[in-house]
Amino acid sequence: MADTTGNTEATTASASHSGPRKSSWKYIGPGIVVAATGVGAGDLVATLIAGSNFGYTLLWAAVLGCLVKISLAEAAGRWHLSTGRTLFDGWASLGRWTTYFFVIYAVIWGFVYGAAAMSSSALPLQALFPDVMDLEWWGVATGLVGLVFVWFNKYAVFEKVMTILVGVMFVVTVYLAIRVTPNLGDAFAGLLPVLPDEKDSILNTLGLIGGVGGTITLAAYGYWVNAKGWTNTGWMNVMRLDNRVAYATTGIFVVAMLFVGAELLHSANIALASGDKGLIQLGDILADEYGTATSKFFLIGFFATSFTSLIGVWHGVSLMFADFVARYRAPSGEAKGEEVAAGERERSWPFRAYLLWLTFPPIVLLFQGQPFRLIILYGVLGAAFMPFLAGTLIWLLNSARTPREWRNGPLSNAMLAIAGLLFLVLCLKQIWDQPWSEFF
């Protein structure tokens with residue numbers, strides 16, 4: 001995104017810090033990681049369903065969702081680079097309530113997400129190799145592979161593997177978008193902000209905007225920026241280019257799948273199941289329309305999409321949890337970005353403990369089903385995280401905690417406020433929709 005601070009002093013300030021003289025494509029990396037992690041199978045299904053229900057009408061909402069996430073990720077990265085402190089260190093400065101929220105969120109969300117990520121990665125593998133083993137065991141296998149990969153590899157290797165998998169995702173989604181022969185005239189018309197003439201169209205539209213590639217991984221972006229070795233304002237322009245690449249990539253994934261939904265499903269009036277199994281259903285539809293080879297090619301892309309989300313969370317959220325523990329153990333000090341850049345967090349016992357938490361306890365859920373009350377809490381906490389992130393970033397980046405030249409400008413404040421309001425509405429809807437009468 002463009003410089004949202006609104007300050008011309010930033011260029012002068014950054015000159016005194018080490019970093020490249022100008023931004024360059026050769027430096028990008030964390031953006032690829034956050035794009036790959038943020039776009040999971042659920043995002044693709046939601047976009048497919050939007051395309052199947054409304055055609056190209058909500059294309060503008062998908063694009064707007066990418067712009068909102070650019071602002072959030074840019075703000076997180078700007079905090080890390082301008083202050084030299086980690087995001088959790090910033091949260092801790094706002095009061096103990098942030099620590100309580102993060103701990104509860106990390107424990108419950110991580111437990112349920114671990115099972116969901118393993119199951120999502122297992123589905124395409126079982127479809128590709130139906131006679132090898134059951135879905136649950138495929139899930140266990142993907143979780144263990146993710147654990148071993150993240151445990152024994154540092155950020156540099158992790159980024160390279162994520163980049164390869166993103167390449168697979170890119171080729172598959174763009175190929176499918178071209179294969180269904182999109183109506184470009186209707187697609188351009190879909191960039192006009194028009195709401196479908198349907199019941200709950202506003203909430204459906206807000207859900208599509210809010211679901212375009214981003215949860216806690218947006219907060220992890222600043223940690224990946226530091227892990228890349230970017231720790232001061234000399235890297236600010238590089239970070240902004242990297243962030244734009246991230247959400248341009250996300251936009252291509254989402255727009256391509258909306259094309260598939262609009263052309264392949266909407267025109268034939270085919271209803272797609274919600275959840276990851278909707279992608280398996282799409283694989284069957286592709287096999288009928290274009291042959292087995294296209295279907296298998298799609299399933300490979302489906303696996304790349306799910307597995308990048310798995311290892312991305314295994315690495316990024318474990319990095320955040322390790323930072324939380326370090327800050328908790330030394331409350332009078334500051335958690336520095338240099339410590340993340342040095343790889344200290346990736347070698348720490350809290351990082352590996354959270355890795356184990358994401359992998360082994362959720363295996364129970366794969367075989368026994370997901371406990372009802374836990375799923376409700378998971379949904380509420382997940383919905384509450386994005387308003388929390390947007391609100392705290394506004395607070396941090398408009399206060400004396402941030403050097404004056406890197407504080408928010410009007411554009412950044414506006415975009416973060418829009419994001420905060422959007423996710424607050426979605427959070428309230430999520431809370432309202434929960435079957436609380438059955439909870440107690």
Side-chain angles (χ1 to χ4, degrees), residues 35-36 38-70 124 166-198 201 204-213 244-274 276 278-305:
V39 180
D43 294 294
L44 297 188
V45 172
T47 310
L48 280 166
I49 291 175
S52 66
N53 290 340
F54 308 119
Y56 294 103
T57 305
L58 291 180
L59 181 59
W60 66 272
V63 174
L64 180 59
C66 291
L67 295 176
V68 167
K69 304 299 171 44
I70 285 175
V166 166
V168 173
M169 293 166 60
F170 185 90
V171 170
V172 170
T173 54
V174 171
Y175 167 77
L176 290 177
I178 294 172
R179 190 68 193 266
V180 299
T181 317
N183 185 322
L184 295 181
D186 288 349
F188 281 116
L191 293 173
L192 296 174
V194 175
L195 291 174
D197 188 18
E198 303 281 345
S201 62
N204 287 332
T205 302
L206 292 177
L208 181 61
I209 295 171
V212 181
R244 289 195 293 269
V245 170
Y247 283 95
T249 305
T250 300
I252 290 171
F253 293 152
V254 171
V255 169
M257 296 311 288
L258 192 137
F259 281 6
V260 173
E263 293 294 341
L264 188 62
L265 306 176
H266 182 69
S267 57
N269 198 26
I270 298 173
L272 202 65
S274 61
D276 298 343
L279 293 183
I280 296 296
Q281 184 183 349
L282 178 62
D284 295 336
I285 295 168
L286 288 169
D288 293 338
E289 290 287 332
Y290 303 113
T292 305
T294 297
S295 175
K296 290 188 179 299
F297 188 51
F298 165 72
L299 289 172
I300 292 170
F302 176 8
F303 172 73
T305 301

Looking at side-chain heavy atoms only, is the closest gap between Val63 and Trp60 below 4.5 Å? no
Can you tell if the side chain of Thr173 reaches within under 4.5 Å of the side chain of Phe259, non-hydrogen atoms only? no
Sequence neighbours excluded, the answer for side-chain contact (heavy atoms from CB on, under 4.5 Å) partners of Ala262 is Tyr56
Do Phe303 and Val168 have side chains that approach each other closer than 4.5 Å (heavy atoms only, starting at C-beta)? no
Please list, chain by chain and in numerical order, all residues satisfying side chain to side chain donor-acceptor pair (under 3.5 Å) with Asp186, sequence neighbours excluded. Asn183
Atom pairs and distances, donor-acceptor, side-chain atoms in residues 174-182, under 3.5 Å, two or more places apart:
unit_1: Tyr175; atom_1: OH; unit_2: Arg179; atom_2: NH1; d: 2.7
unit_1: Tyr175; atom_1: OH; unit_2: Thr294; atom_2: OG1; d: 3.4
unit_1: Arg179; atom_1: NH1; unit_2: Thr294; atom_2: OG1; d: 3.3

Heavy-atom side-chain proximity of Met257 to Leu282 below 4.5 angstrom: yes
Is there any side chain to side chain donor-acceptor pair (under 3.5 Å) pair reaching into residues 295-305, and which pairs are they, with sequence neighbours excluded? none
Distance from Leu258 atom CG to Glu263 atom CD, nearest 0.5 Å? 10.0 Å
Which atom pair, heavy atoms only, marks the closest approach of Met169 to Gly301? CG-O, 4.2 Å
Mind checking ring pair (Phe, Tyr, Trp, His ring centres under 6.0 Å) for Phe298 and listing every partner two or more places apart, or none if nothing turns up? none
So, do Leu279 and Pro124 sit near enough that their side-chain heavy atoms are less than 4.5 Å apart? no
